[in-house]
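As a basis for the values below, the full set of heavy atoms in this structure was taken, side chains included, without hydrogen atoms, waters or symmetry mates.
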Amino acid sequence: MNQKFQDALLKKNLTAPPVWMMRQAGRYHSHYQNLRKKYSFMELCKQPELAAEVARGPIQDFDFDVAILFSDLLFPLEVLGMGLEYTDAGPRLGFSLNSENIGNLIPASDAISGMAFQKQALLATRNVLPSNKSLIGFVGGFWTLYVYAVEGGHAGNLIQSKNNSALQEKFFDHLIPLLEMNIQLQLEGGAEVVMLFDTAAGEVSPLFFNSRIAPRLIGIANKFPGKLGYYSKGTQDSFYRKEFCQAPWAGFGFDHRWNLAKNLSENISPGFVQGNFDQSLLSGEESEFKKNLKVFTESLQGLTPQQRAAWVCGLGHGVLPKTPERNVKLFVESIRQAFS
């Protein structure tokens, strides 16, 4: 495991932060592109040795401190019986969830066996990683998965998703036990932390989040104290009430809309603080990218080592397709130089 990452989990003073990025193993990377010429996306996810090789690639080429399970957050919907295929237009479920068909979903206790490939992928990944690199897993947030189940994606106004509280609650009752079993599987597979990615959380109001979503999130965190990280996209500080922040999270990830220096100095997270360079700026021409990265690092250099102790450096969201590999490598090197 990576000592810098472990120190960040414990909020120990350190100099250069550990670095990893969401989607660091993905379409921008030639290593991944070469594998995709031979295998489908589903094969890369579901064959453990292939998933391990995809996850190993960015560690080898960019020297990230942390590797992340190579998989997809929609697989729980597949094992519940909703079907799943990956097309050129994106993922597609077999049907849209509604009040009439929710009763056809497979019980979580029967569906969990379909997620065993993630545990095997983590075991295989740990076997190919250098011993000084950490390994983490991830699951999708139950709200985000619900939105996908109803809408087929999380773009737009989410009118159908937001306006059926009975369907929401019934689906959450069905899905959350599966997610909890899935988190346990990933921890058994060697994940040091499991991230809960809630990419649709910012599409609701703070009132909706705190009444419908946060209480159940706190319940999940309580079952895995110090082992579950939470990332939400598009949220703001009014989402993160005291009781939510005081749950035993391993830490929080923040998108690029947040003031990261403020989050660190105000100790908003009970553990690590991950983020949050704007991923779009990573795609800039090299001189422009360096200029933007300098502004980012300078905003954090004013903090004391104690204030930066929890920082896990990364992006506001995932690495975008066509991001220049040289910029990814330069990002990792520059962060280490700026905080050495």
Side-chain angles (χ1 to χ4, degrees), residues 22-23 41-42 45 71-112 114-115 118 138-183 194-221 228 230-236 238-239 244 253 255 257 317-318:
M22 285 183 277
R23 296 180 185 162
F41 177 75
M42 194 80 81
C45 290
S71 196
D72 190 75
L73 58 78
L74 295 180
F75 286 124
L77 300 181
E78 180 190 38
V79 301
L80 287 176
M82 293 197 68
L84 178 63
E85 63 174 329
Y86 293 92
T87 72
D88 291 341
R92 181 180 299 158
L93 298 171
F95 61 88
S96 297
L97 183 75
N98 57 43
S99 301
E100 286 69 47
N101 60 33
I102 190 171
N104 298 330
L105 297 181
I106 297 169
S109 56
D110 295 331
I112 188 57
M115 301 302 300
Q118 290 189 337
F138 74 93
V139 296
F142 55 84
W143 167 255
T144 294
L145 290 172
Y146 169 72
V147 168
Y148 267 100
V150 173
E151 311 270 357
H154 58 71
N157 294 317
L158 309 186
I159 293 172
Q160 298 302 316
S161 301
K162 294 178 182 180
N163 285 288
N164 193 334
S165 58
L167 181 63
Q168 289 168 23
E169 295 302 314
K170 193 170 183 180
F171 184 69
F172 293 167
D173 287 342
H174 200 104
L175 176 66
I176 288 174
L178 176 64
L179 292 182
E180 291 174 345
M181 287 185 275
N182 193 17
I183 292 165
V194 175
M195 292 295 298
L196 196 156
F197 290 140
D198 223 354
T199 50
E203 300 301 322
V204 304
S205 70
L207 287 174
F208 188 106
F209 181 85
N210 283 293
S211 62
R212 304 271 188 95
I213 300 173
R216 289 180 179 265
L217 286 172
I218 292 170
I220 300 172
L228 191 64
Y230 182 71
Y231 166 85
S232 60
K233 180 182 178 184
T235 54
Q236 52 184 290
S238 56
F239 283 64
F244 183 76
D255 76 9
R257 298 168 181 85
H317 199 56

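Across all non-hydrogen atoms, the minimal contact from Gln118 to Asp72 is NE2-O, 4.1 Å. When all heavy atoms of Leu80 and Ala111 are compared, the closest pair comes out as CD2-CB, 4.1 Å. Of all heavy-atom pairs between Asn164 and Ser99, the closest is ND2-OG, 3.4 Å. Between Ala200 and Val147, the shortest heavy-atom contact is CB-CG2, 4.3 Å. When all heavy atoms of Pro76 and Leu73 are compared, the closest pair comes out as CD-O, 3.2 Å. Residues Phe142 and Ile213 approach most closely at CZ-O, 3.4 Å, considering heavy atoms.
Between Asn98 and Val150, the closest side-chain pair of non-hydrogen atoms is not below 4.5 Å. A heavy-atom distance below 4.5 Å is found between the side chains of Met115 and Asn182. The shortest side-chain heavy-atom distance between Leu207 and Phe239 does not fall under the 4.5 Å cut-off. Residues Leu179 and Leu196 fail the side-chain proximity criterion, which asks for heavy atoms closer than 4.5 Å. Looking at heavy atoms from C-beta onward, Lys233 lies in side-chain contact with Tyr231 at the 4.5 angstrom threshold. No side-chain heavy atom of Asn163 sits under 4.5 Å from any side-chain heavy atom of Leu158.
Under a 3.5 Å cut-off, the side chain of Lys162 and the backbone N or O of Glu203 do form a donor-acceptor pair. A side-chain donor-acceptor contact under 3.5 Å links His174 to the backbone of Ile106. A donor-acceptor pair under 3.5 Å is absent between the side-chain atoms of Asn157 and the main chain of Ile159, judged by distance alone. Distance alone, capped at 3.5 Å, places no donor-acceptor pair between the Ser232 side chain and the Thr235 backbone.
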Q: Test side-chain contact (heavy atoms from CB on, under 4.5 Å) on Leu84 and Leu77 and set out the steps.
A: CA-CA 8 Å; Leu84 178 63; Leu77 300 181; over 6 Å; no
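In terms of the salt bridge (charged side-chain N to carboxylate O under 4.0 Å, His left out) criterion, Arg212 has no residue partners (sequence neighbours excluded). Glu78 meets the side chain to side chain donor-acceptor pair (under 3.5 Å) test with Lys46; sequence neighbours excluded.
Atom CD of Glu180 sits about 10.5 Å away from atom CD1 of Ile112, to the nearest 0.5 Å. Considering CG of Leu97 and CG of Leu105, their distance stands at 6.0 Å, rounded to 0.5 Å. Between atom CG of residue Leu175 and atom CZ of residue Arg216 there is a gap of 10.0 Å, rounded to the nearest 0.5 Å. Atom OG1 of Thr199 is separated from atom NE2 of His317 by 6.0 Å, given to the nearest 0.5 angstrom. One distance of note links CD1 of Ile102 with CG of Leu167; it measures 5.0 Å at 0.5 Å rounding.
Relative orientation of the Phe209 and Tyr230 rings is tilted, given thresholds of 30° and 60° on the angle between their planes. Ring-plane geometry between Phe138 and Phe197 is classed as tilted, the angle between the planes lying from 30 to 60 degrees on a 0 to 90 degree scale.
Judged as a side-chain hydrogen bond (donor to acceptor under 3.5 Å, both in side chains), the pairs with a partner in residues 140-152 (not counting sequence neighbours) are, in order, Thr144-Asp198, Glu151-Ser161.
For the residue pair Asn101 and Asn104, no side-chain donor N or O sits within less than 3.5 Å of a side-chain acceptor on the partner.
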